[in-house]
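Scroll down for the structure; my scribbles are underneath it.
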Amino acid sequence: PDVQLQAGGQCETDFGFMPEYTDIEGLRKYKRHLITGEEVICSEKIHGSSFRACFKEDRLWVGSHYQIKKEDPNNLYWKAAIQTNLKEKLVRFPNLVFYGEVFGQVQKGYNYGVPTGGIEVGFFDIYDPTLGRYVDENMFVEILTALDLKRCPLLYSGPWSEDLMTTLSNGKTTLGEKHIREGFVVKPVKERWEPGCGRVIFKMVGEDYLLSKNS
């Protein structure tokens, strides 16, 4: 049986240098903001728990989507940070904020092949407070490669077309356990903003996943 790890624990003061991750709107509603033929990357949307980390002021800071967590090896997010050696790795890129998804024994029915009691982390974005924006895809890959950190599975990289909405959102996960894929997240290779939607990044939850939740 699945055994979900605890995501609670004590919180720290949030000093604001590790922003909550950007709200991602649904692609079905905002697809007009993607340009046919523009270079995009599409990553598998993992059903886990959102995670963020930053090395600043000679220490590692770790948080969930909404809270900054006090150091505790039994806490889900700190366990993820310790398991991936973030304290030793992120010191090379101080002040950058790393965002990822903790998955495995986190969400019931979606263990992605991770053994009982285990977790893994897939990173999906890095925020540069000096620039005041998320880094472009090439810089994201360069930093993760330098630190030997895994990204969330890349489903597609290339020119955008609307048929990808169907072909990439349904089917099985690309990770270990072959259960249903939740969907995907798409963003341009070069970061950009648009009036009416803000940051151009969208999620597409698959019909197969939605039907499974309602069955």
Side-chain angles (χ1 to χ4, degrees), residues 2 4-27 41-56 60-84 86-87 89-90 96-112 114 118-129 133-135 137 140 143-144 147 149-155 169 173-175 179-187 191 198-206 209 213:
D2 287 343
Q4 280 67 59
L5 298 172
Q6 295 303 309
Q10 293 185 312
C11 298
E12 289 198 69
T13 301
D14 187 346
F15 292 102
F17 57 79
M18 201 160 64
E20 293 177 9
Y21 189 62
T22 182
D23 290 329
I24 302 180
E25 301 289 354
L27 180 58
I41 63 107
C42 300
S43 301
E44 182 174 348
K45 190 176 187 301
I46 303 300
H47 192 45
S49 189
S50 183
F51 162 85
R52 51 185 164 151
C54 175
F55 192 92
K56 185 180 176 69
L60 182 68
W61 301 78
V62 169
S64 62
H65 186 91
Y66 296 110
Q67 298 172 326
I68 307 302
K69 298 294 184 178
K70 286 188 176 180
E71 185 170 356
D72 177 358
N74 296 314
N75 173 264
L76 174 67
Y77 308 102
W78 271 100
K79 182 174 180 178
I82 293 167
Q83 182 173 302
T84 49
L86 287 190
K87 185 176 181 179
K89 292 181 177 182
L90 299 198
L96 294 185
V97 185
F98 290 69
Y99 297 89
E101 193 79 5
V102 185
F103 63 93
Q105 305 299 326
V106 178
Q107 299 287 354
K108 187 176 181 179
Y110 289 82
N111 59 32
Y112 296 97
V114 179
I119 56 170
E120 293 187 14
V121 184
F123 291 89
F124 51 75
D125 246 328
I126 297 173
Y127 180 80
D128 186 338
R133 68 177 183 86
Y134 296 88
V135 304
E137 169 69 4
F140 173 73
I143 293 173
L144 287 194
L147 299 182
L149 295 174
K150 296 180 180 179
R151 69 180 300 163
C152 288
L154 181 64
L155 299 177
S169 62
T173 176
T174 59
L175 295 170
H179 46 63
I180 291 174
R181 181 184 303 175
E182 184 180 354
F184 70 91
V185 175
V186 57
K187 61 180 179 179
E191 285 286 316
R199 185 186 180 204
V200 179
I201 179 172
F202 307 112
K203 61 186 175 184
M204 179 72 183
V205 178
Y209 174 80
K213 299 296 284 184

Go through the steps to decide whether Ile201 and Asp125 satisfy the test side-chain contact (heavy atoms from CB on, under 4.5 Å), and finish with yes or no. CA-CA 11 Å; Ile201 179 172; Asp125 246 328; 4.1 Å; yes
Please name the pair of heavy atoms, one in [X] and one in [Y], separated by the smallest distance, quoted to 0.1 Å.
| X | Y | result |
| --- | --- | --- |
| Val114 | Gln105 | O-NE2, 2.7 Å |
| Leu155 | Arg181 | CD1-NH1, 3.7 Å |
| Val62 | Ala81 | CG2-CB, 3.8 Å |
| Pro19 | Tyr127 | CG-CE2, 3.9 Å |

Is any side-chain heavy atom of [X] closer than 4.5 Å to a side-chain heavy atom of [Y]?
| X | Y | value |
| --- | --- | --- |
| Val186 | Ile41 | no |
| Leu175 | Pro153 | yes |
| Leu96 | Leu90 | no |
| Phe55 | Leu86 | no |
| Val106 | Asn111 | no |
| Glu120 | Val102 | no |
| Val200 | Lys187 | no |
| Val205 | Ser169 | no |

Please test Phe51 against Leu76 for side-chain contact (heavy atoms from CB on, under 4.5 Å), starting from the C-alpha separation and ending with a verdict. CA-CA 9 Å; Phe51 162 85; Leu76 174 67; over 6 Å; no
Are the aromatic ring centres of [X] and [Y] under 6.0 angstrom apart?
| X | Y | value |
| --- | --- | --- |
| His179 | Tyr112 | yes |
| Tyr21 | Phe124 | yes |
| Trp61 | Phe17 | yes |

Could you check Val97 against Ile126 for side-chain contact (heavy atoms from CB on, under 4.5 Å), going step by step and ending with a plain yes or no? CA-CA 6 Å; Val97 185; Ile126 297 173; over 6 Å; no
Taking the basic N atoms (NZ, or NE/NH1/NH2) and the acidic carboxylate oxygens, is any pair closer than 4.0 Å for Glu12 and Lys69?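 Salt bridge absent between Glu12 and Lys69.
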Could you check whether Arg151 pairs with Glu137 (Lys NZ or Arg NE/NH1/NH2 to Asp/Glu carboxylate O, under 4.0 Å)?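 Looking at Glu137 together with Arg151, the answer is yes, because their closest N to O distance falls below 4.0 Å.
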How many angstroms lie between [atom1] in [X] and [atom2] in [Y], if you round to the nearest 0.5 Å?
| X | Y | atom1 | atom2 | answer |
| --- | --- | --- | --- | --- |
| Ser49 | Tyr77 | OG | OH | 2.5 Å |
| Gln107 | Ile46 | CD | CD1 | 11.5 Å |
| Asp14 | Ile68 | CG | CD1 | 4.0 Å |
| Glu101 | Glu44 | CD | CD | 11.0 Å |
| Lys79 | Asp72 | NZ | CG | 11.5 Å |
| Ile82 | Leu60 | CD1 | CG | 9.0 Å |

Using the rule given for side-chain contact (heavy atoms from CB on, under 4.5 Å), can you reason through His47 versus Phe103, listing the C-alpha separation, both sets of side-chain angles and the distance that settles it, and then say yes or no? CA-CA 7 Å; His47 192 45; Phe103 63 93; over 6 Å; no
Test of understanding: with salt bridge (charged side-chain N to carboxylate O under 4.0 Å, His left out), list the residues that count as partners of Arg52, not counting sequence neighbours.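 If we apply the salt bridge (charged side-chain N to carboxylate O under 4.0 Å, His left out) test to Arg52, skipping adjacent residues, there are no hits.
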Just jot down the salt bridge (charged side-chain N to carboxylate O under 4.0 Å, His left out) partners of Glu182, sequence neighbours excluded, or say none.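 Residues passing salt bridge (charged side-chain N to carboxylate O under 4.0 Å, His left out) with Glu182: Lys45.
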Check whether any side-chain N or O of Lys89 sits under 3.5 Å from a backbone N or O of Leu147 as a donor-acceptor pair, and report yes or no.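 Yes.
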Donor-acceptor contact present, side-chain Trp78 to main-chain Lys70, <3.5 Å: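 Here the side-chain-to-backbone pair exists.
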Is the terminal nitrogen or CZ of Lys150 (NZ for Lys, CZ for Arg) located under 6.0 angstrom from the six-membered ring centre of Phe123 and within 45° of that ring's axis?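 Lys150 over Phe123 ring: no.
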May I ask you to check if Arg199 and Tyr134 form a cation-pi contact, with NZ or CZ under 6.0 angstrom from the six-membered ring centre and within 45° of the axis?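 Because its charged atom sits under 6.0 Å from the ring centre and within 45° of the axis, Arg199 does stack over Tyr134.
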Using the side chain to side chain donor-acceptor pair (under 3.5 Å) rule, take Tyr99 and Thr22 through it: C-alpha gap first, then chi angles, then the decisive distance, then the call. CA-CA 10 Å; Tyr99 297 89; Thr22 182; over 6 Å; no
